[in-house]
Amino acid sequence: MMMSMSSPQQTEAKNRPSRARMDRLVLLGLLALFVIGFAGLAATVGWAETWAQIKSLTIGQIAILLGLSLVNYLLRGVRWHLCARALDLPLRLRENLLHFIGGFAMTVTPGRIGELVRLRWISNLSGRPFERSLPLPFIDRVFDVAAMALVLASAAVMSQAGVSGALPVAAVALLIAIAITRPALVRALVTMLWRLLQRWPRRFAGMRQAARGMDRFSKARLALPALALGVIGWSAEGYALYLLLAWMGADIGLATATLIFVFSTLAGGLTGAPGGVGGAEAAMLALLVAQGVPLETAVPAMAVIRLTTLWFAILLGFIAFPIAERTSHKGLHRNGLENAHI
């Protein structure tokens, strides 16, 4: 008898068509918000000045910015692979990279549904239960926050920018990341929330199950490489902003540019908006102006760096998504046939 899909997969598959339409609407809405916001700022500053800064960039320079973003994505994809292997998920590096990049298509959707899609791909391709991979997106986020905290703290120490709150934010983020990798503490927090809310029992049961697998990620042989990959990846994005500003005639230093990029990315995430859209742009623009970058340079720089980071990731996600879907269906069919003989 062919193995049936687990209930989380069934739910995700059942809701996929309507959810996909909603996700596209949200994506288009956020893209429109980004474009309208940029247009409004450009009109305020002056279209001629803004467009002149953008036109001054060469194709080679844009390629460098996209290349640095790609370095970040690939390094974090390798980290995703290491964490998947730690969960005994028998997938190759290229398959995990495909899943990681493909999930970017859902970056700006509510609830980060891309992570559930990644887990469905993993389950179908590996033949492992959906629940086996539940800790994966959680620990990936933890390593991301920890890596960004380390980059932010280092940049704040080396920079003369004096961005208020950078070091406290970095310290809090790092402490949270360390605490979350302690399974007993996570289970206690989940239990406490369940007792307070007394709702969504299956969701809380899944969270407790995910917490039980967290201890393996706190071991140095995995945690140190995972952190290093994240630190290098996010530093590459900070370097991209530094280069962009220098090309536009506003060299504020590598440490300050990195601090601004990481701080604004974290600030955008704290707003709860999908992809940090709105919050990250506002924070970056304010910080750039505070460092003496003219508004006619800060506005196009902010727009270009967000296009070559966030929106470039989403574009790559849309390219990888159908490939991952086809591979997933083939894996589900293969595993189904294999299980039919058991």
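Panel note: side chain Thr265, backbone Phe261; a donor-acceptor pair is recorded below 3.5 Å. A donor-acceptor distance shorter than 3.5 angstrom exists from the side chain of Glu95 to the backbone of Arg92, with no hydrogens or angles considered. The closest donor-acceptor contact from the side chain of Thr308 to the backbone of Ile305 lies under 3.5 Å. Ser133 places no side-chain N or O within donor-acceptor distance of the main-chain N or O of Leu136, the cut-off being under 3.5 Å.
Proximity of Arg128 to Ser123: side-chain heavy atoms (C-beta onward) are nowhere separated by under 4.5 Å. With contacts defined as side-chain heavy-atom distances shorter than 4.5 Å, the pair Ile323/Arg326 qualifies. Side chains of Phe138 and Leu134 form no contact here, defined as non-hydrogen atoms less than 4.5 Å apart. Counting heavy atoms from C-beta on, the side chains of Leu259 and Leu152 come closer than 4.5 Å. At a threshold of 4.5 Å between non-hydrogen side-chain atoms, the residues Thr258 and Leu241 do not count as touching. Pro135 has its side chain out of reach of Ile139: every pair of non-hydrogen atoms, C-beta onward, lies at least 4.5 Å apart.
Closest of all the heavy-atom pairs between Leu70 and Leu316 is CD1-CD1, 3.9 Å. Residues Ala324 and Leu98 share a closest heavy-atom pair of CA-CD2, 3.7 Å. Nearest approach of Gly238 to Ala257, heavy atoms of both residues: O-CB, 4.1 Å. Here the shortest heavy-atom pairing between Gly230 and Ala147 reads C-CB, 3.5 Å. Looking at every heavy atom in both residues, Pro300 comes nearest to Leu295 through CD-O, 4.2 Å. Closest approach of Tyr242 to Gly253, counting heavy atoms only: CD1-C, 3.5 Å.
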Could you go through Glu237 and Val71, starting from their C-alpha distance and side-chain angles, then the distance that decides it, and tell me whether this counts as side chain to side chain contact (heavy atoms under 4.5 Å, CB included)? CA-CA 9 Å; Glu237 300 274 36; Val71 167; over 6 Å; no
For Gln61 and Leu243, what are the C-alpha separation, side-chain angles and deciding distance, and is it a side chain to side chain contact (heavy atoms under 4.5 Å, CB included)? CA-CA 9 Å; Gln61 289 171 336; Leu243 287 178; over 6 Å; no
Go through it in stages, so that I can follow the logic: the residues are Leu288 and Leu245, the test is side chain to side chain contact (heavy atoms under 4.5 Å, CB included), and I'd like the CA-CA distance, side-chain angles, deciding distance and then a yes or no. CA-CA 10 Å; Leu288 287 172; Leu245 290 169; 3.7 Å; yes
Between Leu65 and Thr309, does a side chain to side chain contact (heavy atoms under 4.5 Å, CB included) hold up when you go through it step by step? CA-CA 8 Å; Leu65 297 179; Thr309 53; over 6 Å; no
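Evaluated for a side chain to side chain contact (heavy atoms under 4.5 Å, CB included) with Ser235, the options Asn72, Val151, Leu254 yield exactly one hit, Val151. When each of Phe318, Trp311, Tyr73, Trp80 is paired with Phe104, the ring-ring contact (aromatic ring centres under 6.0 Å, His included) condition holds for Tyr73 and for no other.
Annotation: the span from Leu244 atom CG to Leu68 atom CG amounts to 11.0 Å, rounded to 0.5 Å. Note that the CD atom of Glu296 and the CD atom of Gln53 stand 7.5 Å from one another [nearest 0.5 Å]. In this structure, Leu89 CG and Ile122 CD1 are separated by 6.0 Å, a value rounded to the nearest 0.5 Å. Here the CE atom belonging to Met302 is positioned 8.0 Å from the CE atom belonging to Met284, to the nearest 0.5 angstrom. Atom CG of Leu229 is separated from atom CZ of Arg76 by 11.0 Å, given to the nearest 0.5 angstrom. Atoms CD1 and CG, on Ile101 and Asn96 in that order, are 11.5 Å from each other to the nearest 0.5 Å.
Between Phe321 and Trp121, the ring planes lie perpendicular to each other; the angle is over 60°, past the 30° to 60° tilted range.
A salt bridge links Asp144 with Arg79: the closest approach of a Lys/Arg side-chain nitrogen to an acidic carboxylate oxygen falls below 4.0 angstrom. Here Arg120 pairs with Glu325 in a salt bridge; the nearest charged N to carboxylate O distance falls below 4.0 Å.
Arg118 forms a cation-pi arrangement with Phe100, by the criterion of a distance under 6.0 Å to the ring centre and an angle within 45° of the ring axis.
Placement of Val231 and Met158 in two distinct hydrophobic clusters is found when ILVMFWY residues are connected by side-chain heavy-atom separations under 4.5 Å, directly or transitively.
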